[in-house]
Amino acid sequence: MFFLNRAQDAKIGSDRVLLVACTALCIAASTPALAQGQMGGTIGKQDKAVSGQDEAPAPRRKTAPKPKASASAEPRSTGAGRSLSGVWSWTGQCAKYDKPYTGTLTVNQSGNSFTATHGGTNMWDGGTISNGRISGNRVSFVRTYGGYTDYLNLALSGSGGALRMSGVLPNTEHSGRCVMVFTKG
């Protein structure tokens, strides 16, 4: 047990008062509810009408949403001089065969979508093309031939009438990995 004399007891008491006062001051300075005068706010209802009812609050101004930054600098459409419409020649060099597959596609573009038909130049140049989409420098579509379905996502390059689409089919059911190249012009 500790024994204190009166001088030490008085000093501890004044230290406690100082500590309590500092704590109260810190809380008051950091709490907005206690600092209304500094924050410019008011407590209580304001602008009561004669009937004792509150007036309707003034409508808040809405700020216009900020435009979102584009994730890519690529244009959303093919742009001037990049029409896919027309006849394309295609080759598919596949892992399971020495000679490439070849054929033609006739593309009919409307905005950022297109349809296409095969030229029927050989037994592999057939089937249907669906879900043709253009997004910047990317072209995608689905080719269905017999029981096979290929999903193509190709890079578009070139300008004017000389265009090229190229990409890889990683593992076709029938032919394995195929490097696909389509040219126009």
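Predicted, not measured: the structure shown is a model, and the values here were computed from it. One-based numbering along the sequence shown.
- In this structure a side-chain-to-backbone donor-acceptor pair under 3.5 Å is present from S85 to Q109.
- No side-chain heavy atom of N171 sits less than 4.5 Å from a side-chain heavy atom of R177.
- Rounded to the nearest 0.5 angstrom, D150 CG and C178 SG are separated by 7.5 Å.
- Between H118 and R143 the shortest side-chain heavy-atom distance falls below 4.5 Å.
- Not a single donor-acceptor pair under 3.5 Å links the side chain of D125 to the backbone N or O of T102.
- Clustering of Ile, Leu, Val, Met, Phe, Trp and Tyr by side-chain heavy atoms under 4.5 Å joins Y151 with V142.
- Under the 4.5 Å side-chain heavy-atom criterion for grouping Ile, Leu, Val, Met, Phe, Trp and Tyr, Y97 is connected to L169 within one hydrophobic cluster.
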_Walk me through whether V107 and W88 qualify under side chain to side chain contact (heavy atoms under 4.5 Å, CB included)._
CA-CA 8 Å; V107 177; W88 291 73; 3.5 Å; yes
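- Hydrophobic clustering keeps V181 apart from I134 (ILVMFWY residues linked when any side-chain heavy atoms are closer than 4.5 Å, directly or through intermediates).
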_side chain to side chain contact (heavy atoms under 4.5 Å, CB included) between F141 and N131, intermediate numbers included_ = CA-CA 5 Å; F141 59 91; N131 298 322; 5.8 Å; no
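- Rounding to the nearest 0.5 Å gives a distance of 6.5 Å between NZ of K184 and CG of L84.
- At least one side-chain heavy atom of L152 sits less than 4.5 Å from a side-chain heavy atom of M180.
- Annotation: side-chain hydrogen bond (donor to acceptor under 3.5 Å, both in side chains) contacts of N153 (sequence neighbours excluded): R138.
- A continuous path of ILVMFWY side-chain contacts below 4.5 Å connects W124 to F182, so both sit in one hydrophobic cluster.
- Side-chain atoms of Y101 and S175 include a donor-acceptor pair closer than 3.5 Å.
- In terms of modelled atom types and a separation under 3.5 Å, the side chain of Q93 and the main chain of A95 share no donor-acceptor contact.
- For the atom pair NE2 of H174 and SG of C94, the computed distance is 9.5 Å after rounding to the nearest 0.5 Å.
- Between the side chain of T172 and the backbone N or O of G176, at least one donor-acceptor pair lies under 3.5 Å.
- Distance check: T144 OG1 to I129 CD1 gives 8.0 Å after rounding to the nearest 0.5 Å.
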*Might you work through the side chain to side chain contact (heavy atoms under 4.5 Å, CB included) test for V139 and F114, ending with a clear yes or no?*
CA-CA 10 Å; V139 176; F114 65 91; 3.7 Å; yes
